[in-house]
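In what follows, a single structure is set out as structure tokens and then discussed.
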Amino acid sequence: MIPLEGQVRIPSGCAVSAMISRDGRRMNGERIIESMVPMHDRSNGLGGGFAAYGIYPEYRDFYALHIFFSSRSAQSACMTLLKEYFEIVQDEHIKVRKMPQITDEPIIRRVFVSPMQSVLRHLQIDEKELVVRVVNRINAQSDGSYVFSCGKNMGAFKAVGFPEDVGRYYRLEEYDAYCWTAHGRYPTNTPGWWGGAHPFCMLDYSIVHNGEISSYDANRRFIEMYGYKCTLQTDTEVITYIADYLLRRQGLTLDEMAAVIAAPFWSTIEGKSGADREKYTYLRTVFPSLLVTGPFSIILGFDGGLMALNDRLKLRSMVVGEQDDMVYIASEEAAIRVMAPEIKNIWSPAGGEPVIVRVKEGAF
Amino acid sequence: MNFYPEFEVVRSDSRCIRCRVCERQCANEVHWYDADGKVMLSDESKCVNCQRCVTLCPTRALKIVKSDCRLRENANYSDQTIKEIYRQAETGGVLLSSMGNPNPLPVYWDRILINASQVTNPPIDPLREPMETRVSLGKKPDHITRNPDGSIDTKLPPQLTLSMPVMFSAMSYGSISYNAHASLARAASALGIYYNTGEGGLHEDFYQYGKNTIVQVASGRFGVHKDYLEAGAAIEIKMGQGAKPGIGGHLPGTKAVGDVSKTRMIPEGSDAISPAPHHDIYSIEDLRQLVYSLKEATEYRLPVIVKVAAVHNIAAIASGIARSGADIIAIDGFRGGTGAAPTRIRDNVGIPIELALAAVDKRLRDEGIRNNVSIICGGSVRSAADVVKAIALGADACYIATAACLAMGCHLCRSCHTGKCNWGIATQRPDLVKRLNPDIGSQRLINLMDAWRHEIKELMGGMGINSIEALRGNRLMLRGVGLTEKELQILGISHAGE
Ligand code: SF4
Ligand code: SF4
């Protein structure tokens, strides 16, 4: 029997792509879908997905839960659980386009929720923590419900299939986002599972990732001390939890987080001066178990921006292009040329050097 | 009762040139020259098979072989078991032994295999890419705090920084020689690691190596005073030792001579017997008080290590220590060495370090307090591969002592308790001590560590890991062979093929 996802660790190769408007202009999903076509061979049809930011302006104050259900009964059990903690503002189908390339689809719902104040007071936690806990609980129970996106004014769309088919299946041309990220998956030991496709999301953080990290178990065993549960056993999942832990719980900046997970070499740190040297030494000393080694390129999306980061040896390809207010990132230059044929300014960021793009204040 | 000796000295008379080197080199007085017959003779009953004479014989005329004259074979009552009974029937005494448990008990290191990258993830070549082995031991803060200007407050609890995750474990001045200590101290400084004074105090000549010294406080408190505590980079409270859990140290009076007695602050020639418990520590709360007294005495500048023997309940004990204010826990497995221990205790008390380490690391993580302390693993770490396996199981660093002695020339004859070490290590006899040249001893220790560092890097590179931090606790990099479900479960690893 082939083991299911979560029962074994799944390394995978992949393709990633992203586009973002610094002016906060919203663009539909057509170009990001197209960008995945020339990288078709980097995926094997076992998973594709997208994250889109700024797509639910009219519901911006509510958490948008995107959920897979395997059955009606799973759906009603999950909804009952959600109602214990949240007001349900809206509960609807996510519209899809039936096509032969995408089969075995689960029930796919979008539920906008608002945490109940009484629950927050009772548990003495903030609303983000409540969302994290409830989502983790639903996903860890693995009884037919899987929340694959739970941020505000953003959402993930993913399925088993090639990414360009997945994009059309979800009718992404009907959504307008100021930032899109995309992923095509090449897993090496899974039959493919909808929840296992990327992006992997936690609150408004979404991660698409290409690579296989050699530090996986060191990272996993550390992060699991802090209440996270790595049920999928994928790199993306653990990196998402690391990002959540460092950014939200420890309050690090994106640059500081990059200095933890793709830490500069000690020899580089020694060459730095005064305050910088102290800061980098401190971060490496305090979070040694969150150093991520092995090849990776990741794109971390968040409310109002994104960050792209390569492993410190740059063992995976990643290129960045810039044109006017737009920034494009992809595993291969060809993908950027599809999104912006006239682009001039294309470069490869150095290993471990984060590329952080923020949308102008107030523009999203 | 007299037996045929355990070893035979085989001398080729045609090769022997009567240079009498063997006679001068053997502190056990096995060899002598018979002037009348113009031959070398030997009393093999005194031989401990330390190989000194064999190594130094210029014509290779000598070899020591295991004698085949044995009592009638019996799988239950072995030759050794029977002879030990005879000896005890004769003397009424407790049997003494030295070095680590030699019995054929499982060595889990040898049942664990290491991973390497193929296809999905590239191996890294340590000759071409940077590969980091530096580690910091000590408590890590739970939360980042920021200064008013938003920058990170970079104050840290005291840390020990090691260029590679290996240190020289505690061996007291007294149990080993001045020259052995000098070799360890110099090598530790040159390597950017640490050596450990053991419970015998610190000779005044070695204060200069304080930056690379861990000073030990054991139950006998030998040689402990304020300057001593302040001389080192860390203080280790020795609660127990893997070779003899549950009992204290014993330095025979014959070794407590000259500077040894001065350094220990005890009268010359008196047996230095440290009590089994610390008489101020009968519980975990008491340990906390000692940890904080030592921290107070040194103004919180130095990390405090608590060293314990790996015993049955080690996970719970470690959890208690992690909450006692200690910065580092050193766990010593049952195969760890010793300068002298009752044989029955050495061979029957304690548990293997591999299982203890895995259990402790897991328990501290389950309780969310793994960051409170670092873990040092000792008790028979024999090679770079053992180090890599220990780190992947969850250790921050390893302690080595037997391997360090071997580097200095020890031939593992297991007679340290006699004080007549022919290799100048476990002895205080000046004529023997001078056989160990600290220039050479320290260089050999440096060579050994350099070699291990290269091997660690190669093993890491093969796994696609370029920093030791990413290996720590990375149990997915390990697989067991020939282990039971239960053993695999305790080690927290899968079986090969899974
Ligand atoms: S004790 Fe050592 S030096 Fe003496 S005879 Fe035996 S092997 Fe040779
Ligand atoms: S230190 Fe000396 S006495 Fe002890 S085992 Fe080694 S060679 Fe023998």
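Model, not experiment: these values are computed from the prediction. The chains referred to below are lettered A, B, ... by the order of the sequence lines, with proteins before strands, and numbering in each begins at 1.
- Interatomic distance, A:Phe222 CZ to B:Glu469 CD, rounded to the nearest 0.5 Å: 12.0 Å.
- Shown here for B:Asn371 and A:Met225, the closest heavy-atom pair between the two residues is N-CE, 4.3 Å.
- Only the backbone of B:Lys155 comes within contact range of chain A, judged by heavy atoms closer than 4.5 Å.
- In terms of modelled atom types and a separation under 3.5 Å, the side chain of A:Asp217 and the main chain of B:Leu476 share a donor-acceptor contact.
- Crowding of A:Lys128 atom NZ: a count of heavy atoms from other residues, nucleotides or ligands under 6.0 Å not exceeding 12.
- With values rounded to the nearest 0.5 angstrom, B:Ile468 atom CD1 is found 11.5 Å from A:Leu291 atom CG.
- Open room surrounds CD on B:Glu485; 12 or fewer heavy atoms of other groups in view lie less than 6.0 Å from it.
- A donor-acceptor pair under 3.5 Å is formed between the side chain of A:Ser214 and the backbone N or O of B:Gly464.
- Looking at B:Ile124, the atoms closer than 4.5 Å to chain A (heavy atoms on both sides) all sit in the side chain, from C-beta outward.
- Remark: A:Glu224 does not engage B:Lys362 in a salt bridge, criterion side-chain N to carboxylate O under 4.0 Å.
- Of the listed residues (B:Ser467, B:Ser136, B:Ser494), the greatest number of heavy-atom pairs within a distance under 4.5 Å of chain A belongs to B:Ser467.
- Contact annotation: the side chain of B:Asn474 never approaches that of A:Tyr216 to less than 4.5 Å [non-hydrogen atoms, C-beta and beyond].
- Highest contact tally toward chain B, considering only A:Gly294, A:Ser267, A:Pro295, A:Gly251, is held by A:Pro295 [criterion: heavy-atom pairs under 4.5 Å].
- Atoms CG and CD1, from A:Leu252 and B:Ile152 in turn, are 5.5 Å apart once rounded to the nearest 0.5 Å.
- Inter-residue side-chain proximity for A:Thr285 and B:Leu156 is flagged as met; some heavy-atom pair is nearer than 4.5 Å.
- Counting heavy-atom pairs under 4.5 Å between each of B:Thr161, B:Asp366, B:Ile465 and chain A puts B:Ile465 at the top.
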- Test B:Arg472 against A:Ser289 for side chain to side chain contact (heavy atoms under 4.5 Å, CB included), laying out the working first. CA-CA 7 Å; B:Arg472 195 188 58 161; A:Ser289 299; 2.3 Å; yes
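- A:Gln250 places a side-chain N or O within donor-acceptor distance of the main-chain N or O of B:Ile144, the cut-off being under 3.5 Å.
- Counting non-hydrogen atoms of other residues, nucleotides and ligands closer than 6.0 Å to NZ of A:Lys272 gives a total above 12.
- The minimum heavy-atom distance linking A:Trp266 with B:Arg134 is given by the pair CZ3-NH2, 3.3 Å.
- Atom CG of B:Asp361 and atom CZ of A:Arg221 lie 4.5 Å apart (nearest 0.5 Å).
- For B:Asp153, the part lying near chain A is the backbone, with the side chain staying farther off; criterion is any non-hydrogen pair under 4.5 Å.
- Salt-bridge formation is detected for the pair A:Glu256/B:Arg146: a Lys NZ or Arg NE/NH1/NH2 atom is positioned less than 4.0 Å from an Asp or Glu carboxylate oxygen.
- Under the 4.0 Å criterion applied to side-chain N and carboxylate O atoms, A:Arg312 and B:Glu129 are not assigned as salt-bridge partners.
- For the atom pair OG of A:Ser215 and CG of B:Asn466, the computed distance is 9.0 Å after rounding to the nearest 0.5 Å.
- In this structure, A:Leu313 CG and B:Met131 CE are separated by 8.0 Å, a value rounded to the nearest 0.5 Å.
- Residues A:Pro288 and B:Val135 fail the side-chain proximity criterion, which asks for heavy atoms closer than 4.5 Å.
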